[in-house]
Amino acid sequence: MSGRKRIQVDESEWFRTRRQAARLKDVQRALPGMLDDIRRRTHADLERVFGVVEERQRTVEQAVQGLSDRARELESRTQERLRAQARRMTEELRATAGELRRETAEDLAEREHRLQEEIGAERRERRREVGRLAEEVGELVLDRERAAALAHEAISDARAMHLLVHTAFPADVHPHARRTESLAEQLDRAADTLGQGRSDAALATAQSVYQGLSDLLQELERHDRERRRHRVRAGELLLHVQHLIKVNAVQDVHAAEGEEVTDAVLDVEYWSGGELTRLRAETARLQERVGDEERPPDTGELRDILEHCVPELEQRLAETVERAGRRQLESQMRVDLAGSVVGTLEEITGYELTDGTYSGDDQREAFFAKLVHLNGNEIVVEVAPAGTGGGTAVLRVLSYDRDTTARDELTTRGHEVARGLRDRGIAASDPEAEGGEPDPAYRDFDALRQALPRAATDT
């Protein structure tokens with residue numbers, strides 16, 4: 001006859017009430033010290049990241065001074081506008097550091113649209129200037145010497161711009177290699193055309209090449225600044241996630257009225273099975289990626305980090321804290337449930353509680369309680385996680401009888417336990433007899449404290 005009785009216990013309502021009573025603090029809380037550190041480190045990041053932009057601006061401005069008067073005037077106006085844009089961007093990032101803003105795709109698109117509109121207006125003005133110059137050249141066709149001088153000047157400006165593009169953006173220009181090579185070939189043809197005495201054609205080609213290289217320079221500048229702005233934001237938000245992980249590693253447990261439960265804490269790392277360590281490592285990996293100078297992330301990758309990775313990390317952290325709290329409550333539930341079963345058995349039998357332990361002395365595992373009768377018979381109560389969460393547990397009542405116990409008596413015992421649980425407001429299924437006899441390994445509580453014996457593990 002089987003001494004193994006299994007009862008499915010659903011304490012979801014009990015668990016919901018307990019969970020409400022032990023509400024955890026919001027994982028998104030931002031403490032003053034945290035924000036101060038984020039602002040300080042974001043400001044330092046701004047100095048580092050946009051210091052490169054300022055240094056590049058000086059390089060560009062120096063190169064612009066070597067252009068012809070007309071080209072220098074055009075480029076100087078453009079550079080002044082770009083400097084103003086850079087100042088606004090830096091000031092905005094500095095002013096909003098610590099606000100933990102996460103621009104949406106729509107926000108970023110709007111910013112980029114406005115920037116492109118400003119640059120587009122500058123480009124249209126530059127083309128008008130080029131058009132006026134072309135008209136002047138048409139009037140100078142008879143002045144071959146003047147036309148040749150203008151063609152030489154245009155070719156020189158274009159070569160200087162070609163060199164500047166490669167000097168200012170040595171890495172970013174690689175994706176545009178075919179474009180720059182084509183422009184360089186056109187420039188060589190313009191020089192050949194000038195050598196053949198066709199100044200007007202050489203000038204037109206050189207001006208077109210110059211315009212293309214100047215547009216490319218502005219395009220690279222825009223993409224670079226957008227990427228750097230995303231890097232600062234991504235670094236700021238990832239730092240915030242690291243702070244949140246640290247702050248939420250240990251939680252105070254609160255009663256229903258919001259008062260702290262004395263000496264009651266939630267160790268999230270322990271109850272989550274090391275999930276905080278994994279979150280911390282993943283966040284650190286993203287931080288390292290964002291700060292990679294040898295192979296910097298492009299704008300698309302940074303957007304993905306801002307719009308998807310960071311929110312997912314925060315969501316996982318919130319879920320981890322909630323899950324850890326749930327597991328802690330479920331663990332206590334198993335002890336309370338075992339206590340209810342023990343109380344019922346003590347009332348209906350002559351057994352008394354003698355021992356209790358978690359498997360492997362690990363509160364996340366099954367809880368066991370032992371009762372002993374004066375005649376030497378023993379009962380082991382096992383309350384194991386059902387694996388579904390939500391306050392569901394599997395209860396086993398294992399009877400070890402030295403004398404012969406009738407099947408009816410064991411069945412009655414199981415029903416009494418289920419009825420006793422229901423009387424306490426706990427939803428419990430009718431007991432089911434499991435085949436075979438209880439494994440003797442369950443009786444050895446010293447061994448259970450070490451770990452649940454493999455032969456006895458059948459939950």
Side-chain angles (χ1 to χ4, degrees), residues 24-31 34-35 37-39 41-46 48-50 89-90 92-116 171-172 175 219-220 222-249 268-269 272-326 389:
L24 299 176
K25 293 180 181 178
D26 183 8
V27 300
Q28 294 292 346
R29 58 185 174 174
L31 304 179
M34 175 199 303
L35 295 181
D37 183 58
I38 290 174
R39 290 191 190 98
R41 295 177 65 171
T42 299
H43 288 166
D45 202 24
L46 275 170
R48 178 181 59 81
V49 170
F50 282 92
M89 182 183 295
T90 304
E92 177 194 358
L93 290 171
R94 185 180 297 278
T96 57
E99 293 183 7
L100 308 174
R101 292 167 50 184
R102 185 185 298 109
E103 293 94 339
T104 63
E106 291 78 11
D107 293 331
L108 297 175
E110 176 60 25
R111 289 174 182 272
E112 291 179 4
H113 176 72
R114 290 199 302 268
L115 187 60
Q116 286 179 330
D172 294 345
E219 183 179 335
L220 293 172
R222 177 175 64 86
H223 283 303
D224 180 75
R225 293 185 186 191
E226 284 301 302
R227 181 174 66 243
R228 291 180 186 278
R229 183 167 68 87
H230 293 345
R231 289 182 75 178
V232 171
R233 285 299 191 207
E236 180 182 34
L237 292 174
L238 287 169
L239 179 60
H240 180 233
V241 173
Q242 287 287 26
H243 274 289
L244 288 178
I245 293 172
K246 181 178 180 180
V247 167
N248 286 281
V268 177
E269 175 72 5
S272 68
E275 180 62 18
L276 279 190
T277 294
R278 290 187 286 274
L279 280 171
R280 191 178 296 112
E282 187 168 341
T283 304
R285 180 186 63 77
L286 286 173
Q287 286 176 306
E288 183 178 355
R289 179 71 190 113
V290 168
D292 190 343
E293 295 294 347
E294 294 185 3
R295 192 174 58 87
D298 60 24
T299 303
E301 184 178 356
L302 290 167
R303 280 182 184 169
D304 184 64
I305 292 173
L306 281 168
E307 297 175 14
H308 299 104
C309 296
V310 170
E312 286 173 6
L313 286 170
E314 292 178 346
Q315 180 63 28
R316 282 174 54 193
L317 175 60
E319 292 172 353
T320 296
V321 173
E322 190 277 333
R323 185 164 52 250
R326 183 175 72 239

Between [Y] and [X], does any NZ, NE, NH1 or NH2 come within less than 4.0 Å of an OD or OE carboxylate oxygen?
X	Y	result
Glu319	Arg316	no
Glu322	Arg326	yes
Glu236	Arg233	yes
Glu275	Arg278	yes

Working to the nearest 0.5 Å, report the span between [atom1] of [X] and [atom2] of [Y].
X	Y	atom1	atom2	answer
Arg228	Leu302	CZ	CG	11.0 Å
Glu269	Thr277	CD	OG1	3.0 Å
Gln242	Thr283	CD	OG1	4.5 Å
Leu306	Arg231	CG	CZ	12.0 Å
Glu314	His240	CD	NE2	6.5 Å
Ile245	Thr320	CD1	OG1	9.0 Å

Considering residues at least two apart in sequence or located in another chain, which fulfil the side-chain hydrogen bond (donor to acceptor under 3.5 Å, both in side chains) criterion with [X]?
X	value
Arg41	none
Arg227	Asp172, Asp224
Asp304	His308

- Task: Could you give me the CA-CA distance, side-chain angles and deciding distance for Glu226 and Arg229, then say whether salt bridge (charged side-chain N to carboxylate O under 4.0 Å, His left out) is met?
- Result: CA-CA 5 Å; Glu226 284 301 302; Arg229 183 167 68 87; 3.0 Å; yes

What's the shortest heavy-atom distance between [X] and [Y], and which atoms?
X	Y	answer
Ala234	Val290	CB-CG2, 4.0 Å
Leu286	Cys309	CD1-CB, 3.9 Å
Ser272	Ala324	N-CB, 4.1 Å

Is there a side-chain contact between Leu313 and Leu238 in this structure, where contact means two heavy atoms from C-beta onward sitting under 4.5 Å apart? yes

Between His230 and the options Arg225, Glu301, Arg303, the side-chain contact (heavy atoms from CB on, under 4.5 Å) test singles out Arg303

